[in-house]
*Asks:* 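Below is the structure I would like to discuss, written out as structure tokens.
None of the values given here were measured: they were computed from a predicted structure. Counting convention: from 1, in listed order, for ligands and their atoms alike.
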Amino acid sequence: MKNIIVAANWKLNKSPTETRQFFQTFIEKFKKKSSYAQLGEQFQVVFFPQTISLEATSQSLKDSAIKFGAQNIYFQSQGAFTGENSAKVTKELNADFALIGHSERRQYFYETNAFLNKKILHAIKSELAPMYCIGETLEERESGKTQDILLAQIMEGLKDVPAANSKTLVVAYEPVWAIGTGKIATAEQVKETHAFIHKALTHLGLGTTPILYGGSVKAANAQELIQIPHVSGFLVGGASLEVPTFLDLIQNSFSGA
Ligand code: PGA
């Protein structure tokens, strides 16, 4: 049996009120599932709400083993950085994770590997586990550049990350063309790419890092995907927004492991 992380990326959705309502129902229903009893080191569920809903998340989850984190942090914890998010304050709310380098951050906010590397190092220093997202675009895949792109994202983004941190670092592989499109990478593509990422991480002394898959993951495909070697769970967007769909996805991921 492998260790599994199922993470919800809520993006720019759910106000603090909607967040509280979600967790009220979610926790009540989750407690009735066998997967709830399995929560711990081996099976983790993590939520990434928008920044303004972090406090509501923290309060809603305080008596549970469910974890959460910020969707983005800056590489300085305080000062004259208008509009940014502080890792220190995120940690103060009892968060455990920081999502870093999601393809939407790379695409719409022009975040580069070198810039993301600063955030990763700062997250580790602030005792937040970085969940570092990597992935190629359709154009890059079709022109045979997938491995070069992933390697650059790994080598530049994880530069100077100490090997000792491999247990508190998570990598999420999300092919950009599969995010929110309903298109899912084939089992063969996931297998080949996760093996490649694992090899690159091993080369950096980070071979124990869990590698999640993301991009149109649903309850229906979770069971098959979780059985692929070096797939340690999922980063889920759309299917994490409604309680029943996300609970089914969690249940299928845990039972398929
Ligand atoms: P999706 O999003 O599950 O809606 O494809 C995944 C993500 O962006 O992390």
*Asks:* How about Leu158 and Leu169: do any of their side-chain heavy atoms sit closer than 4.5 Å?
*Replies:*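 In short, these two side chains touch, coming nearer than 4.5 Å.
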*Asks:* Using distance only, find each side-chain donor-acceptor pair of residues 23-33 under 3.5 Å and give its atom names and separation, not counting sequence neighbours.
*Replies:*
{"unit_1": "Thr25", "atom_1": "OG1", "unit_2": "Gln21", "atom_2": "O", "d": "3.2"}

*Asks:* What I want to check is whether the side chains of Thr137 and Glu140 have a donor and an acceptor closer together than 3.5 Å.
*Replies:*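 Yes.
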*Asks:* What residues form a salt bridge (charged side-chain N to carboxylate O under 4.0 Å, His left out) with Glu111, not counting sequence neighbours?
*Replies:*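 Salt bridge (charged side-chain N to carboxylate O under 4.0 Å, His left out) check on Glu111 returns Arg105, Lys119.
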*Asks:* If you link I, L, V, M, F, W and Y whenever their side-chain heavy atoms are under 4.5 Å apart, who else ends up in the same group as Leu99?
*Replies:*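 Its cluster partners, ordered by chain and number, are Ile5, Val46, Phe48, Phe97, Met131, Val170, Leu212, Leu235.
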*Asks:* I'd like to know if the side chain of Glu136 pairs up with that of Trp177 as donor and acceptor (distance under 3.5 Å, no hydrogens or angles considered).
*Replies:*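 Distance-only check passes for Glu136 and Trp177.
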*Asks:* For ligand 1, what is the set of protein residues having any non-hydrogen atom at a distance below 4.0 Å?
*Replies:*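 Only Asn9, Lys11, His102, Glu174, Ala178, Ile179, Gly180, Gly215, Ser216, Leu235, Val236, Gly237, Gly238 have heavy atoms that fall under 4.0 Å of ligand 1, ordered by chain and number.
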